[in-house]
Amino acid sequence: MLTLKFLLATIVVAVLPMKASQDTVPVGAIFDRDSVEIHTAFRFKIQDVNINGQLRAKLNFTVALIDVKDSYTLSERMCSLMSHGVFSLFGVTKSGSVNAAQSISQALHMPFITPSLARGTADDLYQYEINMYPSYIEAIVDIINYYKWGKVYYVYDSDDGLARLIKLYEFFNEEHHELSVDMRRVDDVSDAYEMLRKLDRSALPDEIGVMRIVLDLSSMEAYRAILRQIIDVGMNRENYHYLLGGVGMDELDLTIFTYGGVNITGFRLLNYSSPTLKGFLRTWSSLSNESWPRPLRGRIGHEAALMVDAVAAFSKAMGSMNHSVSQGVFRRGELYNNNTPGIPCSRPGVRRPSPWTLGPNILSAIKQTEFTGITGKVAFDEHGFRKDYTLDILELSYRRLPTKIGTWNQRDRYLTDRPRPHDMYRIEDFSNTTYIVTSIKSEPFMIERAQPEDGHPLVGNDRYEGYCMELTEKLSVVLGFDYLVELVKDGQYGSRRQNGTWNGMVGTLIRGEAHMAVAPLTITEDRERVIDFTKPFMKTGISIMIKEPVKQKAGVFSFMNPLSKRVWACIILGYFGVSLILYIVGRFSPYEWHEANGKADNGETVDKVPSELTNEFTFQNTLWFSLGALMQQGSDISPRSISGRIVGSCWWFFTLIIISSYTANLAAFLTIENMLTPIDSADDLVKQTKIQYGIQEGGSSEQFFKNTKVSVYKKMWDYMSNAQPRVFEPDTLSGVNRVRKSKGRYAFLLESPWNEYYNQQLPCDTMKVGPNLDSKGYGVGTPDRFPLKAELNREVLKLRESGELWRLQQKWWYDRGKCGSVDGKESKKQDALTLSNVSGVFHILIGGLGLAMMTALVEYLFQAKLRPKKTKASVEINSSRDCRKRARMSQLYAPTYGERENGGVATYSFTPPGQLVTFEGVAEGNTQTQV
Ligand code: CWD
């Protein structure tokens with residue numbers, strides 16, 4: 001229904017005469033009825049050009065949908081479109097109709113831009129065809145050359161395929177490379193069983209038993225049909241290797257081939273990680289399917305993509321042309337060519353058609369355009385073929401879906417890491433070989449020995465020492481091989497370059513330049529795809545190194561540190577609270593009231609005044625009681641009532657626990673010098689901006705941060721990749737040196753074995769903080785299918801289990817360490833407390849004594865000021881023996897007083913209504929002094 005609606009709409013467009021006018025650029029297009037996606041891509045790009053105003057005139061298009069295999073209909077529609085007047089034609093062709101399109105466009109000088117498979121040769125006969133489809137025949141030649149195939153079977157289905165085969169021969173002749181080609185033409189791609197069965201029976205494998213078949217077919221449908229039949233015939237076994245023509249291998253569903261053991265190599269034009277294609281797909285995938293029918297929303301087929309770039313190339317070409325020239329062909333809104341409306345293929349009475357006057361200008365402008373389209377770089381040579389494009393090389397193998405193994409372009413040719421067969425044989429023929437062991441200079445794994453001064457230079461393996469040298473030696477002794485250590489030339493561990501090849505030790509192994517890598521080479525999934533690793537010989541993980549902070553000496557008041565300020569505040573509050581409660585309880589409880597014993601100044605107990613009641617829990621005394629308990633000293637008063645005792649026991653329990661806890665922590669707080677590390681984890685690093693942080697570039701750490709899905713690490717990567725000045729370091733030592741020099745303003749994220757090693761090295765000013773960010777291991781790397789791999793693996797495990805590797809690590813890390821204990825720092829044994837540890841207590845003592853003396857002075861002065869008054873009062877009290885005064889006092893107080901006639905202490909208790917007052921006095925003769 002949807003497609004029907006779409007077709008009707010298109011046919012209407014096709015039937016209506018084109019509305020050409022000034023400020024429009026009319027174009028025509030011919031598509032196959034089945035090429036829905038190409039048609040949609042064409043309309044979409046024209047709309048995009050018009051909306052974005054890339055041209056001063058609007059593109060105006062007419063589309064004809066036909067069966068493009070039919071060359072008669074194709075010619076007729078081309079003529080029809082041209083007779084209405086078009087600047088250029090776009091169209092899809094098939095092998096049967098391509099010649100018709102080429103002839104008409106050539107005869108009428110009408111540029112014909114096509115996304116269809118390019119014809120085999122740059123034929124000067126047909127100059128008006130612009131081919132968007134890149135040629136892949138040179139890439140096929142280079143792959144055959146690279147792998148040194150001696151014999152191939154060439155299966156094709158069209159004259160174009162034959163033309164490409166001829167080109168292939170020409171290339172091999174030029175390079176004097178002997179290639180035996182057995183060609184097979186498929187007449188009907190839907191029924192090629194017979195041809196395939198014959199091929200299967202008669203084909204002769206090459207010297208290693210593999211049959212190489214190049215499939216060069218004219219359409220994606222043809223590839224799908226033939227590949228289906230290959231499975232039916234059972235030609236998907238491991239002794240077959242297919243090389244597919246075309247540039248859309250990624251659009252074929254090859255899952256079923258991954259189980260037969262067959263190898264399939266092919267090409268991909270679209271690079272889905274290119275920003276241009278990504279940007280295009282964002283809009284493309286948001287279009288509604290009803291108005292913009294297409295099979296897949298999130299992707300685009302390579303031919304449709306080529307059509308998008310075809311429209312882009314044409315609009316850019318028109319933009320570069322003089323506007324008045326291009327618009328000068330219109331008269332009264334109609335396009336005129338040599339005074340004739342439109343560009344008809346034939347005119348009555350005229351023998352030769354009149355070619356399109358602007359055709360050569362438009363053709364030349366298109367050939368000169370250069371831009372980055374969604375199919376990569378778009379540029380053309382003088383024959384109208386694409387140039388400077390790049391193809392990805394994909395390979396499918398057993399249990400592995402098509403994976404990129406390299407790239408091809410006209411300048412660099414075939415770039416890949418796959419070993420040539422020649423290199424693989426070299427490795428397999430390993431008896432009596434001195435193995436090349438690649439490694440990297442990095443303490444303490446591989447250290448270059450200083451040249452001795454005796455004039456005998458160190459050569460061979462004597463040039464190096466370190467953990468990896470000893471490990472290699474152990475492996476070679478057990479497995480019985482000779483070896484020569486060679487440091488990797490580019491000083492890199494190994495990462496994939498943009499063009500798909502590898503650098504560093506990984507590249508060295510892939511290219512067959514070394515037999516094994518014994519180095520701190522991290523085992524990663526990406527590397528494991530291209531080389532083999534033994535089981536890890538050492539654990540590692542990304543860790544944080546910072547400059548060791550300056551130690552903080554214990555302060556004067558460090559005795560306060562065992563308890564936090566809040567706890568101190570709570571204790572003080574508790575102290576006053578308990579004292580108050582005790583005071584209140586003491587006042588209310590009758591059991592706290594008792595008859596008092598008088599006490600003489602000299603300590604003698606004096607006679608008691610009979611009815612005198614006293615309470616020891618004055619507020620002052622409760623404060624003293626609570627303080628005594630808090631200080632674990634006790635006091636000479638204690639509660640008598642049950643309520644008072646409850647308060648007391650709770651307070652004692654509280655003080656017991658608090659004081660015990662305080663004492664338990666005190667020693668530690670006084671003696672251990674505090675190290676306040678500003679950073680303790682990756683989270684801390686992310687949260688702050690003061691301390692910069694970075695990693696070693698070009699290794700597995702960089703890959704880890706690039707590919708991480710953990711948000712904290714992602715944030716770290718965003719920071720690191722944009723930080724100014726740069727935070728990446730070329731190697732480990734420069735990272736460590738940056739930490740040392742940056743006064744705590746730079747943290748280096750490096751693998752933990754190095755972190756531990758450098759923390760043991762002078763000047764002992766770095767430290768590892770926090771846990772590792774990830775967990776990985778270092779393995780011995782070998783090329784794919786290396787014959788000693790299993791033995792190496794077993795031996796590494798044996799060394800690990802026997803503790804040999806642990807011993808080696810102790811030797812190179814800690815026995816040679818220069819910073820003391822294993823922790824890297826001087827021992828933390830309990831030292832005697834120094835004066836600085838406890839000076840605060842002395843300060844308090846001295847302060848207290850001073851305060852006491854001052855208070856005594858104040859008391860003395862206070863008393864001295866009061867003394868004359870008191871003497872007077874005494875006299876009055878003395879004379880109060882006089883009955884009159886006694887009577888007056890007795891009106892105020894209940895007369896329960898006692899006195900001692902001959903000196904000494906007497907206690908007077910006056911009882912005002914509802915209140916008890918104790919009045920103590922010293923009797924001196926007949927005089928009494930109030931205290
Ligand atoms: N490597 C790394 O990636 N980060 C580091 O901090 C150190 Cl010290 C080394 C290289 C890594 N071992 C590799 O194999 O790529």
Side-chain angles (χ1 to χ4, degrees), residues 437-447 466-468 471 487-488 490-497 502-510 514 516-546 682 685 692-708 713 716-717 720-721 726-740 746-761 766 768-782 809 812-813:
V437 175
T438 180
S439 195
I440 191 163
K441 202 168 100 179
S442 182
E443 274 185 56
F445 292 96
M446 188 60 71
I447 306 166
Y467 178 96
C468 286
L471 175 59
L487 297 187
V488 61
D490 60 7
Q492 298 291 319
Y493 288 84
S495 50
R496 195 192 284 275
R497 297 194 197 100
W502 286 79
N503 65 6
M505 287 181 280
V506 179
T508 309
L509 291 177
I510 290 171
M516 62 181 90
V518 185
L521 186 63
T522 310
I523 304 170
T524 64
E525 186 260 351
D526 211 20
R527 290 173 180 169
E528 186 77 68
R529 284 172 185 272
V530 288
I531 59 169
D532 276 335
F533 281 103
T534 61
K535 296 275 181 299
F537 59 81
M538 189 185 282
K539 281 189 187 157
T540 183
I542 299 172
S543 60
I544 306 171
M545 173 188 269
I546 59 166
L685 278 177
Q692 290 192 311
Y693 51 93
I695 52 167
Q696 176 172 338
E697 61 190 344
S700 56
S701 301
E702 188 176 328
Q703 286 310 314
F704 168 82
F705 280 106
K706 264 186 192 164
N707 303 331
T708 184
Y713 304 155
M716 291 173 85
W717 175 247
M720 290 191 285
S721 43
R726 268 172 67 76
V727 290
F728 295 114
E729 288 297 327
D731 57 56
T732 324
L733 188 57
S734 51
V736 175
N737 283 338
R738 187 159 168 185
V739 172
R740 285 179 174 154
Y746 180 79
F748 189 43
L749 296 152
L750 79 170
E751 291 181 342
S752 52
W754 272 281
N755 202 338
E756 283 150 21
Y757 174 77
Y758 282 110
N759 293 340
Q760 282 291 296
Q761 299 303 309
T766 55
K768 175 174 182 278
V769 286
N772 289 356
L773 277 61
D774 63 349
S775 171
K776 299 176 285 209
Y778 300 135
V780 175
T782 58
Q809 195 164 358
W812 287 98
W813 266 252

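Indexing begins at 1, ligand by ligand and atom by atom, following the structure's order.
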Centres of the F704 and W717 rings: under 6.0 Å? no
Is the shortest side-chain heavy-atom distance between D526 and S700 below 4.5 Å? no
Testing the 3.5 Å rule here: is there a donor-acceptor pair between the side chains of Q703 and T524? no
For Y778, is there any backbone N or O sitting under 3.5 Å from a side-chain donor or acceptor partner on T522? no
On a heavy-atom basis, the closest approach of N755 and I544 is ND2-O, 3.1 Å
Between ligand 1 and the protein, give all atom pairs where both partners are nitrogen or oxygen and the distance is under 3.5 Å, as lines of names plus distance to 0.1 Å.
residue, atom, partner, partner atom, Å
ligand 1, 3 (O), S700, N, 3.0
ligand 1, 3 (O), S701, N, 3.0
ligand 1, 3 (O), S701, OG, 3.1
ligand 1, 4 (N), S701, OG, 2.6
ligand 1, 6 (O), E751, N, 3.1
ligand 1, 12 (N), P520, O, 2.9
ligand 1, 12 (N), T522, OG1, 2.9
ligand 1, 12 (N), E751, OE1, 2.9
ligand 1, 12 (N), E751, OE2, 3.3
ligand 1, 14 (O), T522, N, 2.8
ligand 1, 14 (O), T522, OG1, 3.2
ligand 1, 14 (O), R527, NH1, 2.9
ligand 1, 15 (O), R527, NH1, 3.4
ligand 1, 15 (O), R527, NH2, 2.7
ligand 1, 15 (O), S700, N, 2.8
ligand 1, 15 (O), S700, OG, 3.4

Tell me which pairs pass side chain to side chain donor-acceptor pair (under 3.5 Å) where either residue lies in residues 527-537, with sequence neighbours left out. E525-R529
